[in-house]
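Input: a single structure, listed below in structure tokens.
All heavy atoms count here, side chains included; hydrogens, waters and symmetry mates do not. Residue numbers run from 1 in the order of the sequence given.
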Amino acid sequence: MSSYNLNKMLKARKSTQTSAHKDGTVDLGDVSRVKVLSPGRQVFKRFIRNRLAVLGTAILLLMFFFSFVLTIFYPYGQKKIFYTYKTQNVDYSLAKVNSSYNGYVIDDSVEPERKIMNAMNSNIKRMLSEGTKEEVVLGQENGYLIKEEADHIFSLSELSADLVCSAGNSTVKVGTYTMIGKEMAFDKDEIPGLAEEAAKSVKGASGSFTVDGTEYTFEKGGKPKTFDIYTVQDGFVYTGEELGADFEKAAAKAMEEGGTFSYKNTEYGISRDGERVDIYALGDPVMARLYTTYTLDTYITGEVVTEDFRPNALKAFIDGTSFSSGFQTIELKEVVEGESSEESMAGDTSEAEASETGTSEAEEPSSADALEVPAGAEVTEEEFTIEASGEDTLVITDAEGTPFGEFSLISVRRYSGEDSMDYTLKKQIADKIEEMQEAGEKKGTLTVPIPEQNEEGAYVRDADGNFVLEETEMKITQRLEGEYVLNCDQLLYKIDRFASPSHEHILGTDGDGFDVFARIMYGGRVSLMVGFVVVFIETLIGVILGGIAGYFGGWVDNLVMRMVDVFYCIPSLPIMIILGALMDAAKLPSSTRIWVMMAVLGLLGWAGVARLVRGQILSLREQEFMVATEATGIKVRSRIFRHLIPNVMPQLIVSATMGLGGVILTESTLSFLGLGVKHPLATWGTIINSVTTASAMEHYAFIWIPVGLLICLTVIAFNFVGDGLRDAYDPKAKR
């Protein structure tokens with residue numbers, strides 16, 4: 001009897017069930033007719049049946065291709081600045097009719113007091129209005145003589161000054177009264193009855209009394225229990241020996257005519273303070289500064305003079321002598337406003353800065369004339385002569401009699417302050433302004449030759465290297481009293497701001513000259529990366545804490561859930577505002593700000609994931625397979641993370657997918673508010689932030705509309721995918 005072999009019988013049965021008939025048909029009981037799909041394949045099949053989920057997946061794939069792959073082939077980066085040549089009406093030059101006096105050093109060994117130099121413009125203008133040629137002013141230590149040396153030229157000389165007398169209504173000290181002993185010490189002659197009256201009347205800190213019809217005042221003296229007695233005297237009151245009637249007659253004449261006067265081989269100066277006039281015996285004056293409204297222009301563009309050229313020339317004109325000084329000819333490049341600057345535009349100089357003419361009372365005047373010779377440059381020393389030519393013009397000639405330059409009262413410079421304009425052009429502008437002043441006009445036009453530009457904005461030169469000139473109409477406008485702005489059209493090489501979409505720039509450029517299409521691509525890379533990293537951090541922290549809380553329960557569960565409650569209560573937006581301010585104060589680079597922002601968003605968002613995981617594990621830990629893991633002695637860590645957490649993964653995937661869109665919206669909002677990633681690093685939020693005003697949004701819709709659409713599509717796509725995964729993992733939810 002043969003033995004029973006179960007294995008052979010099962011194999012034979014299986015062979016019989018799986019074999020097909022010769023005609024290819026299969027029996028109804030054949031096991032090959034039954035297909036059992038794995039859970040993953042079942043989820044996938046249910047997912048792809050959802051058309052919205054498939055659409056969302058396709059959109060996300062396109063977004064990733066757009067942000068991470070297309071950037072490899074696109075020729076522009078997110079930080080590349082584009083420039084273009086544009087014809088624009090610019091502030092070409094600024095002309096000023098000089099009214100303030102600029103100071104030049106004559107003797108650097110003499111340093112006048114700052115207070116005296118700061119007040120020079122005020123003193124000169126007052127002297128001109130009063131018709132005074134000379135005036136003595138007093139400093140804390142010395143006297144100073146201000147003298148009109150020639151038209152538009154004043155000198156400031158330092159001299160010793162000793163007070164001789166006062167004239168007019170002068171307050172004079174007559175003596176000192178001491179309360180101890182009731183004694184009166186007179187400075188000069190004794191005044192009868194004054195001591196007795198002082199003993200009766202001197203009380204308190206100050207006051208007055210009368211003796212024989214003359215009023216006297218008193219106030220506390222420099223020593224305890226002493227009082228200084230004063231009276232007001234009219235006429236000449238001497239500090240020492242009286243100089244007699246002839247002196248007083250000469251002084252009265254000088255007070256009437258102004259200036260200084262001589263008496264017995266001594267020079268005397270006059271200083272006024274209201275009705276009081278002080279007369280000083282003067283020492284020999286030492287000229288320290290020259291002040292003038294003249295501006296120097298050289299006839300050859302590019303000739304710059306040394307620092308001592310102007311004061312030497314003015315001093316030589318006063319003395320009627322020649323002078324020696326240095327100069328150098330340098331190559332000047334004609335520059336259009338904004339041509340050499342990446343950020344500045346023509347005419348960016350503020351009106352307040354451009355209108356500052358002359359000197360305030362706070363500091364000494366300084367010259368804004370021609371360029372100074374650069375330090376270390378090779379200087380040509382030459383002998384020059386200077387003389388007046390017509391009205392308000394001083395002409396300088398060299399030793400060979402060739403005109404070198406001139407002093408005039410109208411300063412014409414480029415709007416930036418650079419002295420690079422041709423003398424002929426300056427002269428034409430100055431003559432036109434003089435005509436406008438005579439006619440009382442505030443606006444005018446002038447056709448003048450300026451350097452010609454080619455289509456690329458470069459200046460055209462001839463064979464000898466000189467600029468080729470072309471006739472251009474300039475508009476002259478009086479902006480302030482004595483100040484004129486000249487405008488003309490110029491071809492500027494400048495940042496291509498807010499350029500419209502073109503074949504070169506698909507979506508145009510933004511306000512910084514960046515290519516918008518490139519920044520959208522790189523911005524999508526950052527926004528998507530932030531979304532995934534934040535969701536990863538949230539999920540990681542939530543899974544760990546939620547898994548521990550759900551498995552152990554008890555006090556561990558209570559502790560974790562109270563932490564969850566705390567994090568639910570934290571106001572995320574104020575926290576991000578404070579964090580943004582701290583990062584601004586620390587001046588963190590944009591790359592560091594990204595990681596800090598992602599870490600904070602992840603730490604603030606894990607509570608929801610933890611609560612989801614905890615709830616799922618509470619229901620799973622009592623099932624049979626968990627009892628089996630406990631019975632077989634599997635470690636707690638493995639029970640949680642190898643058996644419980646994998647069963648929660650479908651819900652985690654759905655939660656993460658749904659949360660990605662929200663994180664991207666949060667990042668975009670923070671960047672839009674300036675709290676997230678900073679310029680120039682691109683995110684979708686910072687791109688929208690470049691057009692925030694209503695007018696900008698209206699005119700530059702090609703910047704913010706594409707970014708807004710991409711944000712909307714990405715968030716909607718993540719929501720579609722999340723909904724599809726939820727339905728695929730839980731097909732009963734639709735029912």
Under 3.5 Å, side chain of [X] to main-chain N/O of [Y], donor-acceptor pair present?
X: Q78; Y: Y522; result: no
X: R497; Y: G511; result: yes
X: T509; Y: F514; result: no
X: R414; Y: L94; result: no

Taking the ring of F82 and the ring of H505, is the distance between their centroids below 6.0 Å?
yes
F64-F532 aromatic ring centre distance below 6.0 Å:
yes
Any heavy-atom pair between the side chains of [Y] and [X] that's under 4.5 Å?
X: E667; Y: M597; result: yes
X: V613; Y: I617; result: yes
X: F47; Y: T57; result: yes
X: V54; Y: N50; result: no
X: M583; Y: I578; result: no
X: S93; Y: Y415; result: no
X: W684; Y: V707; result: yes
X: I520; Y: L710; result: yes

With sequence neighbours excluded, tell me which residues meet side chain to side chain contact (heavy atoms under 4.5 Å, CB included) with I548.
I544, F552, V556
Atom pair [atom1] ([X]) and [atom2] ([Y]), whose distance is rounded to the nearest 0.5 Å:
X: D557; Y: R614; atom1: CG; atom2: CZ; answer: 4.0 Å
X: N719; Y: L52; atom1: CG; atom2: CG; answer: 11.0 Å
X: L588; Y: L582; atom1: CG; atom2: CG; answer: 9.5 Å
X: F66; Y: T714; atom1: CZ; atom2: OG1; answer: 9.5 Å
X: S500; Y: F498; atom1: OG; atom2: CZ; answer: 11.0 Å
X: I59; Y: F718; atom1: CD1; atom2: CZ; answer: 11.0 Å

Please give me the minimum heavy-atom distance between [X] and [Y], naming the atom from each residue.
X: L604; Y: S572; result: CD1-CB, 3.9 Å
X: S668; Y: I711; result: OG-CD1, 3.7 Å
X: L507; Y: P501; result: C-CG, 4.0 Å
X: A610; Y: V564; result: CB-CG2, 4.2 Å
X: S527; Y: T683; result: OG-CB, 4.1 Å
X: G724; Y: A53; result: CA-CB, 3.7 Å

Count the heavy atoms of every other residue, nucleotide or ligand shown that sit under 6.0 Å from CZ of F536, and state whether that count exceeds 12.
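No, CZ of F536 has 12 or fewer neighbouring heavy atoms, counting only those of other groups under 6.0 Å.
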Before giving the answer on side-chain contact (heavy atoms from CB on, under 4.5 Å), spell out for V609 and I541 the whole-Å C-alpha distance, their side-chain angles and the decisive distance to 0.1 Å.
CA-CA 8 Å; V609 179; I541 299 175; over 6 Å; no
With side-chain contact (heavy atoms from CB on, under 4.5 Å) as the criterion, how do W606 and I537 come out once you've worked through the C-alpha distance, each side chain's angles and the decisive distance to 0.1 Å?
CA-CA 8 Å; W606 63 269; I537 295 174; over 6 Å; no
Can a salt bridge be assigned to the pair R519 and D510 using a cut-off of 4.0 Å between side-chain N and carboxylate O?
yes
Residues D91 and R479 bridged, charged N to O under 4.0 Å:
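Looking at D91 and R479, the cut-off is not met.
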Only pairs under 3.5 Å count here: list side-chain donor-acceptor contacts from residues 68-77, not counting sequence neighbours, and write none if there are none.
| unit_1 | atom_1 | unit_2 | atom_2 | d |
| --- | --- | --- | --- | --- |
| T71 | OG1 | R525 | NH2 | 2.5 |
| Y74 | OH | D515 | OD1 | 3.4 |
| Y74 | OH | D515 | OD2 | 3.1 |

Name the residue from I594, V596, L601 that meets the side-chain contact (heavy atoms from CB on, under 4.5 Å) definition with M598.
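The single option meeting the side-chain contact (heavy atoms from CB on, under 4.5 Å) with M598 is I594.
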How would you list, by chain and number, every residue that makes a salt bridge (charged side-chain N to carboxylate O under 4.0 Å, His left out) with D565, sequence neighbours excluded?
R562, R611
Evaluate side-chain contact (heavy atoms from CB on, under 4.5 Å) for L573 paired with L670, printing each intermediate quantity in order.
CA-CA 9 Å; L573 187 58; L670 293 175; 4.1 Å; yes
Pair L681, T686 - check side-chain contact (heavy atoms from CB on, under 4.5 Å), show working.
CA-CA 8 Å; L681 199 63; T686 57; over 6 Å; no
Could you walk me through whether D512 and K80 pass the salt bridge (Lys or Arg N to Asp or Glu O under 4.0 Å) check?
CA-CA 10 Å; D512 298 304; K80 184 176 180 180; over 6 Å; no
